[in-house]
2 protein chains.
Amino acid sequence: MVMELRRPERTFTIRQLCTEFKATPRALRFYEDKGLLTPARDGMNRVYSYKDRARLILILRGKRVGLSLQEIREILELYDEGDEAAHQNAHSLKKFREKIVVLERQREDIDGAIQELHAACERLETHLSQKRPDLLPKAADYDQVLRARLDGHAEMAMGK
Amino acid sequence: MVMELRRPERTFTIRQLCTEFKATPRALRFYEDKGLLTPARDGMNRVYSYKDRARLILILRGKRVGLSLQEIREILELYDEGDEAAHQNAHSLKKFREKIVVLERQREDIDGAIQELHAACERLETHLSQKRPDLLPKAADYDQVLRARLDGHAEMAMGK
DNA sequence: CGTCCCGCTTACGTCAACGTCAACAGAGAA
DNA sequence: TTCTCTGTTGACGTTGACGTAAGCGGGACG
């Protein structure tokens with residue numbers, strides 16, 4: 001029987017996910033310990049499904065936006081409990097809305113910070129161009145970097 | 001001689017700044033310990049200037065966007081060293097540009113997270129409206145909250 | 001056969017960013 | 001004077017998110 005790679009039936013080892021997302025085995029086991037992941041087992045070894053991988057993606061992004069593992073777990077739990085605990089969910093709804101507000105504020109902060117950094121960069125550039133024009137590095141590279149980032153946005157959704 | 005309040009000459013006690021920005025004395029002293037603030041002294045007591053206050057604002061926003069105190073200090077140092085250390089500044093310039101890229105990515109992450117939270121909220125709402133319509137709380141409040149936030153944006157700049 | 005390498009568990013270590021507590025001082029109010 | 005408030009300096013505790021090290025087992029390779 002052929003192994004169906006690249007199909008939803010595909011599975012991953014801990015190391016495959018680690019190298020793909022630049023995490024460490026310790027981190028994945030830690031997430032599991034905290035209830036964010038529950039991979040299957042082959043004997044002792046962990047076996048991650050596509051769904052586990054999708055959850056991991058959400059975990060990592062959650063971390064990048066400053067959510068705690070606890071908060072991330074609450075979000076993830078909404079996806080696998082098809083229903084039940086309606087009372088708890090009413091609470092979740094409130095927390096989520098609050099979190100949205102926090103994130104919107106955070107986005108404004110980020111925009112502000114980006115502007116300040118741009119201003120600081122300009123100051124530095126003019127300062128350097130006057131006193132040490134030699135040190136001015138690859139200045140135009142930056143725009144290229146920005147433009148290069150307008151491409152790959154692998155949108156992942158949770159399993160149906 | 002009259003105290004010129006509300007003027008750049010005004011000074012602040014540690015508690016005034018703390019209550020204004022919902023920080024703690026411990027935190028401000030900690031920032032000072034790490035070199036992010038250097039308030040004047042009246043005997044033993046700290047005396048914060050308008051400039052110190054502006055720095056504090058930057059510190060707090062830096063924290064909200066996920067910068068470490070170390071990174072924030074580097075940014076602040078660019079403001080009070082009018083010049084000098086051109087070699088170091090060339091390094092700072094590079095780091096700042098990298099940080100801008102990181103922040104732009106972070107903003108994308110936040111947008112994605114907001115969308116997911118919105119989706120989760122909708123799921124929860126329909127779920128609740130079907131099984132427990134009684135628990136559906138002030139649903140429309142949320143939009144009001146959002147609209148309420150389109151106002152006060154106290155833009156602070158560093159002292160000349 | 002030994003020896004890597006990957007994986008597992010258990011347990012202790014670490015780092016940032018403060019919180020908490022002790023012990024003290026000066027300024028005003030009762 | 002005695003409280004109470006606000007301030008100070010250490011020094012130690014805490015929390016979250018892992019890192020690191022010890023010790024063991026199982027395949028694969030030379």
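Proteins come first, then strands; the chains are lettered A, B, ... in the order of their sequence lines, and each starts at number 1.
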Check your understanding: Below 4.0 angstrom from OP1 or OP2 of D/dT6, is there any side-chain N or O of B/T13?
Key ->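 Looking at the OP1 and OP2 atoms of D/dT6, neither is under 4.0 Å from any side-chain N or O of B/T13.
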**Study point:** Below 4.0 Å: OP1/OP2 of C/dT9 and any side-chain N or O of A/R41
**Key:** yes
Grab the [atom1]-[atom2] distance between [X] and [N] for me, whole Å please.
X	N	atom1	atom2	result
B/D42	C/dA25	CG	C1'	14 Å
A/L69	D/dT15	CG	C1'	12 Å
A/K63	D/dG16	NZ	P	14 Å
A/I59	D/dG16	CD1	C1'	15 Å
A/N45	C/dC5	CG	C1'	13 Å
B/L17	D/dT6	CG	P	15 Å
A/R15	C/dG7	CZ	P	5 Å
A/R64	D/dC18	CZ	P	13 Å

State, with a plain yes or no, whether a side-chain heavy atom of [X] is found less than 4.5 Å away from one of [Y].
X	Y	value
B/L58	B/R61	yes
B/I14	B/P39	no
B/R105	B/V101	no
A/Q16	A/E20	no

Practice item. When you get a sec, tell me which of C/dC8, D/dC18, D/dG7 is the closest nucleotide to the side chain of A/I14? Key: C/dC8
**Study point:** Among C/dC8, D/dG7, C/dC18, the nucleotide that comes nearest once only the side chain of A/R46 is considered
**Key:**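 From the listed options, C/dC8 comes nearest.
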Check your understanding: Same cluster or not: are B/I57 and B/I75 linked, directly or through other Ile, Leu, Val, Met, Phe, Trp or Tyr residues, by side-chain heavy atoms under 4.5 angstrom apart?
Key ->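 Linked within one cluster.
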Check your understanding: If you group Ile, Leu, Val, Met, Phe, Trp and Tyr by side-chain heavy-atom gaps below 4.5 Å, do A/V102 and B/I110 land in one group?
Key -> no
Check your understanding: Which residue, B/S68 or A/M44, contacts DNA chain C at a nucleotide closer to its 5' end, judged by nearest heavy atom?
Key ->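 With B/S68 and A/M44 compared, the 5'-side residue is A/M44.
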Practice item. May I ask you to list the residues of residues 19-36 of chain A, by number, that have any heavy atom positioned under 4.0 Å from an atom of DNA chain D? Key: A/T24, A/R26, A/A27, A/F30, A/Y31
Below 3.5 Å, can you tabulate the donor-acceptor pairs from side chains in residues 21-36 of chain B to any protein atom, sequence neighbours excluded?
unit_1	atom_1	unit_2	atom_2	d
B/T24	OG1	B/A27	N	3.1
B/E32	OE1	B/R46	NE	2.6
B/E32	OE2	B/R41	NH2	3.2

Practice item. Return yes if a side-chain donor-acceptor contact under 3.5 Å exists between B/Q70 and B/E74, otherwise no. Key: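 Short answer, yes.
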Kindly give the atom pairs (protein nitrogen or oxygen, nucleotide nitrogen or oxygen) under 3.5 Å for nucleotides 3-5 of chain D.
none

Check your understanding: Is B/D52 reaching over with its side chain to a backbone N or O of B/S49, donor-acceptor style, under 3.5 angstrom?
Key -> yes
